[in-house]
Amino acid sequence: MISNSRLQILANYCAAAAEAMGFTMMRTAYSTFVKETEDFSCQLMTPEGLTFASPITTGATWYTGLDYGPVIRMIDDYREGDVYAVNDPYSGFVATHTPDVHLWMPVFRDGQLVCFVGNHVHNTDMGGAVPASLSRTLTEVHQEGIRFPPVRIMRDGVLDERLLKIIDMNVRSPTQNRGDLDAQLACLVTGERKVHEIIDRFGTEEFMAGSQQLLAYAESQARQIIASIPDGEYVFSEFADEDSVDGVPCRINIRMTIAGDSVDLDYTGSDPQVVSSLNMPTGGNIRHSLITVGLIYSLHTLRPDALLNAGTVRILTGTLPLGTIVNPVAPAAVGMRSLISAVNQAAIFGLFSQAVPERMPACPAGGSSLLNVRAVASDGQRIIASIGPVGGGAGGGPTADGQEGCGANSAFLKNTPVEINEAEVPIHIIRYGVVPNTGGAGRWRGGNAAVMEFRMRTPEAMVTARNRNRASLAAWGVLGGKAGANARFTRNPGTDHAVELGNTDIVPCEPGDVIRSQGPGGGGYGHPFDRPAEAVLEDVESGFVSVNHARDAYGVIVVDGAVDMAATARLRGTRAAPEDHFDFGPNRSAFEAVWSRRNYDAMTEIMSLVPINWRHFVKHRLFRAAETLDTSLSPESIRETYAKLQASFNELPSIDLTVSEQ
């Protein structure tokens, strides 16, 4: 057993090694999405594949608890100098959509396997039906670009060019992809070198024992955090705006049980897998990184100094029903799994907000758009490039306002400088900043949304805006705080031919077309009338809140740059007490007035009993029928509608349901 002081030193060395891997990746990558936005990960892993060290200063922070074990175990002949790769979402469920190419390398010391080093990058394009490979319009994984299962790409330091040529033939920017692959290989070499430097200091036995002890220490800290939360059962649902193109809302439902120092998450009642690319490929692993990222963020919020690695999520048990949005069956499309992952994070935040409201913030914006442009330059060169994420604000917290435009749970991807975008892509950026009045009002204000507006300069262009969401259903406020503003997506704003695009994610463009993408606002925390008038005035002076919004949302009267204290006192005297813990905004409130929890549970109970391939169809028929009812929707009318549907389609089973009251 390594002493605590020496274990901390080892932890620092391992973290530094992972950071060095990240810096190598950033400095040698080709694509903007890797070198600027920093959508990549790198890690040190035990021989079993559990991550025990990863960077915390780079953009993609979803992979703290990543387990490479399922793909590592698919290979039985590791040698020094080997490098393996995978991007198929259904082969081991480590890669979660086709652009994420994961590499891993064994590290040997005196002939003994001591650990693995690994990484992934999000390639801007992996071929497929649309530029950048991903869109909610796609209906099966085969449309999302070239896929390959775990495969060796290097032996004895020599790359398998045959495989790489096949990949090159199927992607839109092979030079860019090959450059990013070279950066991944350099990252692995850096990691291998750093591991040997650590072993030089600590020795093989102490290094290997220490990596296991780091996992155990992170688990112990996580259990301490959970033990500080009252035991109990908490239920929360969160929705995506649409489950498909022009679809209906898509629900993630979680029942969280806290008992002592452990957490159970039961996803029963979540929507069936969908006929679009919003599915989350987890293989049913409750500790999958897409599931656990919301838990890890919550634990970090509750204790920022806790160690985070794969040991953190050992506190977790739960259920991911097969054939649901959180555990789809192949060949379901999965390219937009990060949108549903953000919805899942918000659901987990909602659970912890109920359990410890005095320690958790309101809902962050989520719904950040990742913008890509396909264009042809004046010299005929075809370009496919990311121009960065456009996010929303963080939720207001118990002691502070939400950050402006940062997204908060958008994996902390970083923005790309305007100068880089204009140099690499034939666009002219007109506006890039924050939008006032979009953060949810509260004692602690939600962060305002970001906006990017740009003009296309060439023909044959196409903009893809991955992960568009919250154009309808807003980020919620808590304890009297208000929901944030909705996202917007507009072509040619302010003109006679302006088009509101909603959650559209593929937009063909002509020269001169202007695209404006605006993120959603974060939710507010606490009653807006409790916000000091001086703080509201400062918001007005900073351009975050308008004079009219100060009056309407905060009850603060600003006249000629000063607060009219008497008028403010009179207006604030009319305050109404909050009715509920959450403020979901008018659109979700209207939706749930029809599709209450009781009604939605009745529908998902039916879904769980019909064949997987029928579920999306049946759900949409039930929603369509609900729109034509002469009376209020009820579990009984939902059951009657299904019975009529079953009579028309013999392939559907006859179901005798007793709907439980909620």
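Every heavy atom of this structure was used, including side-chain atoms; hydrogens, water molecules and symmetry mates were not. Please read all numbers here as calculations on a predicted model, not as lab measurements.
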Residue pair Ile166 / Ile146, side-chain heavy-atom distance below 4.5 Å
yes

Residue pair Ile325 / Val343, side-chain heavy-atom distance below 4.5 Å:
no

For Asp505 and Thr464, which I'm curious about, is there any donor-acceptor pair between the side chains at under 3.5 Å?
no

Using a 3.5 Å distance criterion without hydrogens, assess whether the side chain of Asn123 forms a donor-acceptor pair with backbone atoms of Met126.
no

With the side chain counted from C-beta on, respond yes when Ile198 and Leu10 share a heavy-atom pair under 4.5 Å apart, and no when they do not.
yes

Does either side chain, that of Thr204 or that of Gln112, offer a donor lying less than 3.5 Å from an acceptor on the other one?
no

Classify the side-chain pair Ser228/Arg303 by whether it contains a donor and acceptor separated by less than 3.5 Å.
no

Report yes if some heavy atom in the side chain of Ser173 is under 4.5 Å from a heavy atom in the side chain of Ile384; otherwise report no.
yes

Give me the ring orientation class for Tyr297 and Phe349: parallel if the planes are under 30° apart, tilted from 30 to 60°, perpendicular past 60°.
parallel

Would you say the side chains of Asp266 and Thr268 form a donor-acceptor pair under 3.5 Å?
yes

For the residue pair Ile9 and Phe202, establish whether any side-chain heavy-atom pair is separated by less than 4.5 Å.
yes

More than 12 heavy atoms from other groups under 6.0 Å of CZ on Phe236:
yes

Exercise: do Asp180 and Gln176 side chains pair donor with acceptor under 3.5 Å:
no

Fit a plane to each ring of His120 and His102, take the angle between them on a 0 to 90° scale, and name the class: parallel (under 30°), tilted (30 to 60°) or perpendicular (over 60°).
parallel

Would you indicate whether Tyr84, at its atom OH, is surrounded by more than 12 heavy atoms from other residues, nucleotides or ligands within a distance under 6.0 Å?
yes

Close side-chain approach of Pro281 and His288, heavy atoms under 4.5 Å
no

Could you tell me whether a side-chain N or O of Asn279 sits under 3.5 Å from a main-chain N or O of Ala332, the two making a donor and an acceptor?
no

Under a 3.5 Å threshold, yes or no: a donor from one side chain and an acceptor from the other, between Asn344 and Tyr267?
yes

Going by atom types only, do Asn421 and Thr416 share a side-chain donor-acceptor pair under 3.5 Å?
no

Once salt bridge (charged side-chain N to carboxylate O under 4.0 Å, His left out) is applied, do any residues pair with Arg172, and if so which ones, sequence neighbours excluded?
Asp125

